[in-house]
2 protein chains.
Amino acid sequence: MTTPQLPQRSTDGTVGKALEILDQVAEFGRPVRFAELLANSPHPKATLYRLLQTLTNQGMLRFDEQSQAYAPGLRLVRLAHAAWRQSSLAPLARPHLDALSETVGETIHLAQLDQGQVLYVDKRNAQTPIEMFSQAGKIGPGYCTGVGKAMIAHLDADGREDAIRRQAYLRHTPQTLSTEAEFRIELEAIRAEGVAFDREEHEPGIICIAAPILSANGRVMGAVSITSSLQRRSLESLDTLRPLLLKTANDISESAESWQFPT
Amino acid sequence: MTTPQLPQRSTDGTVGKALEILDQVAEFGRPVRFAELLANSPHPKATLYRLLQTLTNQGMLRFDEQSQAYAPGLRLVRLAHAAWRQSSLAPLARPHLDALSETVGETIHLAQLDQGQVLYVDKRNAQTPIEMFSQAGKIGPGYCTGVGKAMIAHLDADGREDAIRRQAYLRHTPQTLSTEAEFRIELEAIRAEGVAFDREEHEPGIICIAAPILSANGRVMGAVSITSSLQRRSLESLDTLRPLLLKTANDISESAESWQFPT
DNA sequence: AAAGATGTTTCATTATTTGGAACCAAGCCA
DNA sequence: TGGCTTGGTTCCAAATAATGAAACATCTTT
């Protein structure tokens with residue numbers, strides 16, 4: 001008899017397991033050895049082994065001979081290009097972000113929600129390009145970023161509860177909201193206000209104002225934010241950009257509505 | 001008895017089938033309806049249906065209610081970020097591309113080979129800085145691009161044959177090499193020469209010079225190219241950049257060699 | 001109303017995945 | 001040296017999940 005009554009994550013089929021493993025490898029952020037994966041895996045050795053083989057010769061993983069370790073494969077990059085173009089707001093939002101960037105001269109982020117986490121899909125740098133590695137595809141926490149809070153606050157009840165449950169509530173800075181209760185209160189405030197602020201909750205000295213991008217029927221599609229540092233601006237100063245930010249969010253939403261797929 | 005003697009692509013297991021479907025959806029370049037996929041699918045209705053369901057609720061695909069169609073999902077973007085950072089030459093090559101770009105002021109491409117096709121992983125051009133997945137992740141043909149030819153020419157015999165077989169040999173321009181025979185001759189010439197030229201083979205008026213990036217043991221890791229237009233430069237003029245290009249390719253290779261993975 | 005598309009569900013059959021255990025190959029240590 | 005540990009690969013009978021023909025819903029057209 002095998003694994004009788006454990007809560008056991010609802011993985012759909014073999015494919016689900018394989019994709020879960022893919023995620024695990026990606027999360028490591030560096031090539032991982034078989035044994036390391038095995039340690040964090042619910043699967044028996046042989047199963048994990050075969051799944052890794054499959055993923056590898058499909059190009060979803062790459063096996064680095066030299067370090068004897070697995071890393072996410074280039075096939076993903078190819079697939080992601082298609083995903084980014086078709087399923088992200090980035091292509092549509094592009095002109096609006098450009099305009100906003102030009103006007104405010106601060107760092108702009110465009111994000112969407114992916115399994116309760118913030119997924120950045122586009123970015124514009126402040127004039128001085130302190131080029132961090134390209135942002136698209138990067139993920140961030142939902143409970144302590146402006147875009148994350150803005151999106152979660154505007155989800156419907158079910159989605160919101162789900163997202164609230166998925167947060168890690170780690171204290172990144174002294175200002176981080178690190179309990180579910182605090183987070184809930186903040187979400188209420190954001191819903192009332194229409195925009196979210198990040199008050200050094202993720203990184204010390206970094207603040208931002210974020211607005212949700214809502215579809216005509218009120219569903220959350222994503223969020224835009226303007227980020228700055230306390231050295232350059234105060235929260236109040238950021239707040240003066242609110243009308244511009246809201247207009248941008250609205251423009252993006254309208255572009256999305258009027259979009260028709262080609263035959 | 002099922003599917004008795006067809007050549008039938010060697011798909012490893014259910015996971016393989018699922019990923020193949022993922023590719024199909026991505027290739028469409030626009031949301032696809034169930035029926036369209038079914039038409040191009042070797043699988044029976046029910047099978048395709050279930051596979052699509054699985055992929056969708058795994059976030060690898062997105063089902064657009066409005067258009068009743070499937071598109072690649074955002075989970076891919078997240079995964080690809082990890083892949084790009086760990087499995088592409090882009091992070092390592094970045095400073096070298098920056099330097100080359102600064103010096104020559106022309107469009108630069110960094111590409112790798114993915115299943116016989118050219119996969120662009122980074123780019124520099126005069127105007128726009130990098131926007132991750134708008135350029136990275138894009139694919140191109142191997143037989144009529146500078147980077148493609150440079151890489152394929154330097155593969156080992158097996159890999160080269162495989163790549164030669166995978167090409168489509170479509171005539172994009174009057175200059176396109178559109179038979180396998182012509183392609184083979186060109187590859188020989190490139191191997192002798194050490195660099196490849198694109199003589200308006202992919203797009204009219206567009207030319208480029210490309211060099212392979214080889215590891216210490218001679219394996220092809222990728223290629224760099226400098227692209228220009230006939231309005232601005234001649235092939236001879238591009239050729240004067242050859243030493244710079246080769247130096248860049250070599251620098252990237254050396255950076256890669258000296259790279260050690262963190263524990 | 002009937003006939004066509006298109007998408008979804010069922011269920012007995014079949015084939016694939018599973019995972020315990022054996023096996024192999026290096027290190028390591030005493 | 002020889003035995004012990006650690007990391008990785010292969011086997012194979014049993015358990016499970018995938019399969020696909022066909023029936024069933026819907027929603028359009030005629």
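Chain A is the first sequence line, chain B the second, and so forth, proteins listed ahead of strands; every chain is numbered from 1.
- Between A:F63 atom CZ and D:dG7 atom P there is a gap of 14 Å when expressed in whole angstrom units.
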B:F63 and B:Q53: CA distance, side-chain angles, deciding distance, side-chain contact (heavy atoms from CB on, under 4.5 Å) verdict: CA-CA 9 Å; B:F63 182 71; B:Q53 296 268 75; over 6 Å; no
Quick test: give all pairs of protein nitrogen or oxygen and nucleotides 24-29 of chain C nitrogen or oxygen below 3.5 Å, distance rounded to 0.1 Å.
none

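- At C:dT17, one or more side-chain N or O atoms of B:T14 fall inside 4.0 Å of OP1 or OP2 (strictly under the cut-off).
- What separates CD of B:E20 from P of D:dA18 is a distance of 17 Å, to the nearest Å.
- Between the side chain of A:Q112 and the backbone N or O of A:V121, no donor-acceptor pair lies under 3.5 Å.
- Dashed line: the shortest gap from a side-chain N or O of A:K17 to OP1 or OP2 of C:dT18 is under 4.0 Å.
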Could you go step by step and tell me if A:Y169 and A:I164 meet the side-chain contact (heavy atoms from CB on, under 4.5 Å) rule? CA-CA 10 Å; A:Y169 302 112; A:I164 289 172; 3.4 Å; yes
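- Picking from C:dT18, D:dG8, D:dG20 the nucleotide with the shortest atom distance to the side chain of A:T47 gives C:dT18.
- Atom CG in A:D12 sits about 13 Å away from atom P in D:dT19, given to the nearest Å.
- The backbone N or O of A:D23 lies less than 3.5 Å from no partner atom in the side chain of B:R78, so there is not a single donor-acceptor pair.
- When the C1' atom of C:dT17 is taken as reference, atom CG of A:L52 falls 15 Å away, rounded to whole Å.
- Below 30°, between 30° and 60°, or above 60°: for B:Y143 and B:H172 the angle between ring planes is between 30° and 60°, a tilted geometry.
- In this structure, A:L48 places its CG atom 11 Å from P of C:dG19, rounding to the nearest Å.
- At distances below 3.5 Å, at least one donor-acceptor pair connects side-chain atoms of A:Q68 with backbone N or O atoms of A:E65.
- Distances were taken from every side-chain heavy atom of A:F34 (C-beta onward) to each of D:dT9, C:dG7, C:dT18; the shortest belongs to D:dT9.
- For the pair A:Q68 and A:G13, nearest-nucleotide mapping onto DNA chain D gives the more 5' position to A:Q68.
- Distance NE2 (B:H43) to C1' (D:dA18): 12 Å, rounded to an integer number of Å.
- Electrostatic pairing of B:E180 and B:R184 counts as a salt bridge here, judged by a charged N lying under 4.0 Å from a carboxylate O.
- Remark: the backbone N or O of B:Y70 is not paired with any side-chain donor or acceptor of A:Q86 at under 3.5 angstrom.
- With A:S41 contributing its side chain and A:H43 its backbone, the two residues share a donor-acceptor pair below 3.5 Å.
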Got a list of protein N/O to nucleotides 10-12 of chain D N/O distances below 3.5 Å?
{"from": "D:dT10", "atom 1": "OP2", "to": "A:Y49", "atom 2": "OH", "distance (Å)": "3.4"}

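- Here D:dG7 presents its C1' atom at 13 Å from CG of A:L37, a figure rounded to the nearest Å.
- Atoms CG (A:N40) and P (D:dG7) sit 14 Å apart, rounded to a whole Å.
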